[in-house]
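As structure tokens, the structure follows; a few thoughts come after it.
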2 protein chains.
Amino acid sequence: MSDTAPPIRILTVDDHPMLREGVASVIEAQPDMVLIGEAANGREAIESFRQHRPDVTLMDLQMPDMNGIDAINAIRGEFPDARIVVLTTYKGDVQALRALKAGAMGYLLKSMLRKELLETIRAVHAGRRRVPPEIATEIAEHAADDALTEREIVVLKRVAVGSANKQIAATLGISEETVKAHMKSIMAKLSANDRTHAVTIALNRGIIEM
Amino acid sequence: MSDTAPPIRILTVDDHPMLREGVASVIEAQPDMVLIGEAANGREAIESFRQHRPDVTLMDLQMPDMNGIDAINAIRGEFPDARIVVLTTYKGDVQALRALKAGAMGYLLKSMLRKELLETIRAVHAGRRRVPPEIATEIAEHAADDALTEREIVVLKRVAVGSANKQIAATLGISEETVKAHMKSIMAKLSANDRTHAVTIALNRGIIEM
DNA sequence: CGGGACATCACCCGATTGGGGAAGTGACTG
DNA sequence: CAGTCACTTCCCCAATCGGGTGATGTCCCG
């Protein structure tokens with residue numbers, strides 16, 4: 001807290017320049033923070049991280065080229081003590097869970113206020129984890145128990161684009177009966193009425209993307 | 001262009017404070033623009049418009065409480081010469097069409113650059129329409145011809161949450177055969193393989209929301 | 001007034017889906 | 001090594017969906 005303490009060096013990663021601009025202007029108004037880099041996707045994020053070694057990284061999840069989860073995994077693989085805060089629009093609870101599993105120390109929604117952003121940056125920089133209670137409870141409610149398996153997600157993605165069980169079976173090289181078994185399991189886990197409902201639930205929770 | 005010309009007075013409407021911050025910092029760096037208000041949803045936008053009468057309004061579409069389309073309609077109803085620029089994340093082409101029909105003069109994506117934002121603000125302020133070619137062509141491709149009717153959208157929304165035709169018929173007080181007829185029409189218009197596909201296409205195009 | 005779009009309903013029939021239960025394989029783990 | 005989990009396959013059968021075709025009434029527009 002002394003005025004000789006080095007500032008917190010921050011990297012922002014988001015594909016919306018305007019959003020980065022907002023974060024930048026908030027950070028630059030803080031005496032104890034300095035923005036040292038920006039990136040528009042996961043790939044740039046990794047490069048920029050290697051180059052600048054920021055104290056705290058603010059990472060969006062939904063980006064072209066390379067998404068935030070993969071970027072977090074890559075960065076934490078190389079720099080295990082990297083402090084990363086996820087800053088994203090809603091996007092479902094599974095994303096949040098994945099990000100935290102990948103080693104994110106904080107999770108923020110873009111609808112949150114400046115104050116919360118700054119508090120989270122300072123907390124994470126100090127080595128503390130920081131996840132808003134709304135997010136934490138939502139993660140606890142879903143995700144943990146009834147997570148879809150890899151295979152089920154593959155199947156559900158095909159269903160989302162209008163494939164029939166028979167077609168899915170053909171492209172995956174398995175029996176139609178197997179696809180039906182996966183569908184039964186998917187609908188049970190998501191408490192969906194039918195395949196369409198399963199798709200919309202999965203989209204809402206961030207289990208599949210469009 | 002003389003330095004005695006009054007500045008362009010701007011109102012920003014978006015539910016993400018961080019995004020508003022970004023727009024604000026860009027605008028405040030311009031000598032010929034001034035930010036005179038912010039709003040976080042459609043309702044606040046209308047209030048703020050009445051109070052400040054901005055020259056140009058930057059409006060997000062997807063907001064809680066009251067969405068951007070409704071806000072544009074309300075504002076243009078009261079102030080027919082209001083100049084409104086839509087500034088949104090992707091969100092499908094139907095949204096863009098609706099916004100332009102509602103009287104928006106410009107359409108911008110949040111992934112666009114500062115330069116384009118400023119150019120659009122100046123163009124719209126000068127009374128010119130300004131829509132990026134990508135958006136314009138996408139609107140031309142879809143929307144116009146095979147738009148869903150009100151009734152079809154109602155039906156499709158129910159399908160999205162897992163209702164069977166029979167249930168939809170019951171809640172709408174019509175025959176199941178009628179629901180099936182609507183579904184046939186919907187799938188034909190959207191070129192969907194099945195009901196699930198119809199839902200994901202409609203979500204992508206912004207025809208229905210989640 | 002003659003379309004044209006919309007919403008409604010009907011019938012037929014094959015294809016697809018979804019619910020039930022059962023069971024074999026391989027891999028990983030306590 | 002026994003147990004669990006993911007993935008796989010099979011059977012039966014009722015319910016639902018989707019395609020084809022046709023028809024009625026209404027409302028609005030030229």
Side-chain angles (χ1 to χ4, degrees), chain A residues 94 97-98 101 142-205 207-208, chain B residues 94 97-98 101 142-205 207-208:
Chain A
V94 173
L97 182 66
R98 278 203 209 126
K101 274 195 182 155
H142 303 295
D145 33 76
D146 50 4
L148 298 192
T149 68
E150 279 181 47
R151 202 57 160 170
E152 287 165 352
I153 291 173
V154 170
V155 169
L156 193 53
K157 279 180 181 170
R158 309 253 169 181
V159 171
V161 294
S163 300
N165 292 342
K166 195 180 292 184
Q167 296 177 312
I168 298 170
T171 57
L172 295 184
I174 57 179
S175 155
E176 183 183 348
E177 292 301 322
T178 306
V179 177
K180 290 175 72 173
H182 285 314
M183 285 309 300
K184 287 176 198 176
S185 172
I186 291 168
M187 290 188 290
K189 285 180 179 178
L190 301 180
S191 306
N193 298 330
D194 55 38
R195 50 177 52 221
T196 307
H197 197 196
V199 166
T200 56
I201 291 172
L203 286 170
N204 266 320
R205 296 208 191 153
I207 298 170
I208 61 174
Chain B
V94 173
L97 182 67
R98 279 205 209 125
K101 273 194 182 156
H142 302 293
D145 34 77
D146 51 3
L148 299 191
T149 67
E150 278 181 49
R151 201 57 161 169
E152 286 165 352
I153 291 173
V154 170
V155 169
L156 192 54
K157 279 180 181 170
R158 309 251 170 183
V159 172
V161 295
S163 300
N165 291 343
K166 193 180 293 184
Q167 296 177 313
I168 298 170
T171 57
L172 295 184
I174 57 179
S175 155
E176 184 183 348
E177 289 303 319
T178 305
V179 177
K180 290 176 74 172
H182 286 314
M183 284 309 299
K184 288 175 197 176
S185 172
I186 290 168
M187 291 189 288
K189 285 180 179 177
L190 300 180
S191 306
N193 299 328
D194 55 35
R195 52 178 48 221
T196 306
H197 197 197
V199 167
T200 57
I201 292 171
L203 286 170
N204 266 320
R205 295 207 192 154
I207 298 170
I208 60 174

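Keep in mind the model is a prediction, meaning the values are calculated, not measured. All chains are named by letter (A, B, ...) in the order of the sequence lines, taking the proteins before the strands, and each is independently numbered beginning at 1.
Partners of A:Ala160 by side chain to side chain contact (heavy atoms under 4.5 Å, CB included), not counting sequence neighbours, listed by chain and number: A:Val199, A:Ile208, B:Thr200. Taking B:Ser185 as the reference, B:Glu152 meet the side-chain hydrogen bond (donor to acceptor under 3.5 Å, both in side chains) condition, with sequence neighbours excluded. With sequence neighbours left out, the side chain to side chain contact (heavy atoms under 4.5 Å, CB included) criterion links B:Arg195 to A:Thr196, B:Val159, B:Asn165, B:Met183. Partners of A:Ala181 by side chain to side chain contact (heavy atoms under 4.5 Å, CB included), not counting sequence neighbours: none found. Listed by chain and residue number, B:Gln167 satisfy the side chain to side chain contact (heavy atoms under 4.5 Å, CB included) test with B:Ala164 (two or more places apart in sequence, or in another chain).
Residues A:Leu190 and A:Ile207 approach most closely at CD2-CD1, 3.9 Å, considering heavy atoms. Of all heavy-atom pairs between B:Ile168 and B:Ser163, the closest is CG1-CB, 3.6 Å. When all heavy atoms are compared, the tightest approach of A:Leu148 to A:Ile153 is CB-CG1, 3.8 Å. Minimum heavy-atom separation, B:Thr149 to B:Lys189: CG2-NZ, 3.8 Å. Residues A:Ala198 and A:Ile186 share a closest heavy-atom pair of CB-CG2, 4.1 Å.
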B/S/- along nucleotides 25-30 of chain C (protein heavy atoms under 4.0 Å) is ------
Going 5' to 3' through nucleotides 13-23 of chain D and flagging B where a protein heavy-atom sits under 4.0 Å of the base, S where only the sugar-phosphate is that close, and - otherwise, we get ---SSBBBB--
Expected string for nucleotides 24-30 of chain D under the B/S/- scheme (protein heavy atoms, under 4.0 Å, primed atoms plus P, OP1, OP2 as sugar-phosphate) is -------
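Of the inter-residue distances, the one linking B:Leu156 atom CG with B:Leu203 atom CG reads 8.0 Å to the nearest 0.5 angstrom.
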Under the side chain to side chain contact (heavy atoms under 4.5 Å, CB included) rule, what do A:Glu150 and A:Val154 come out as? Steps first, then yes or no, please. CA-CA 6 Å; A:Glu150 279 181 47; A:Val154 170; 5.6 Å; no
Identify each atom pair where a protein N or O and an N or O of nucleotides 3-7 of chain D are less than 3.5 Å apart, giving names and distance.
from	atom 1	to	atom 2	distance (Å)
D:dC7	OP1	A:Arg151	N	3.4
D:dC7	OP2	A:Thr149	OG1	2.3

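For the helix from C:dC1-D:dG30 to C:dG30-D:dC1, the terminal axes (five pairs an end, C1' atoms, rotation from four pairs onto the next four) enclose an angle of 50°, given to 10 degrees.
Screening residues 157-182 of chain A for salt bridge (charged side-chain N to carboxylate O under 4.0 Å, His left out) gives no qualifying pairs among residues at least two apart or on separate chains.
The nearest whole Å value for the distance from the CD1 atom in B:Ile168 to the P atom in C:dA7 is 15 Å.
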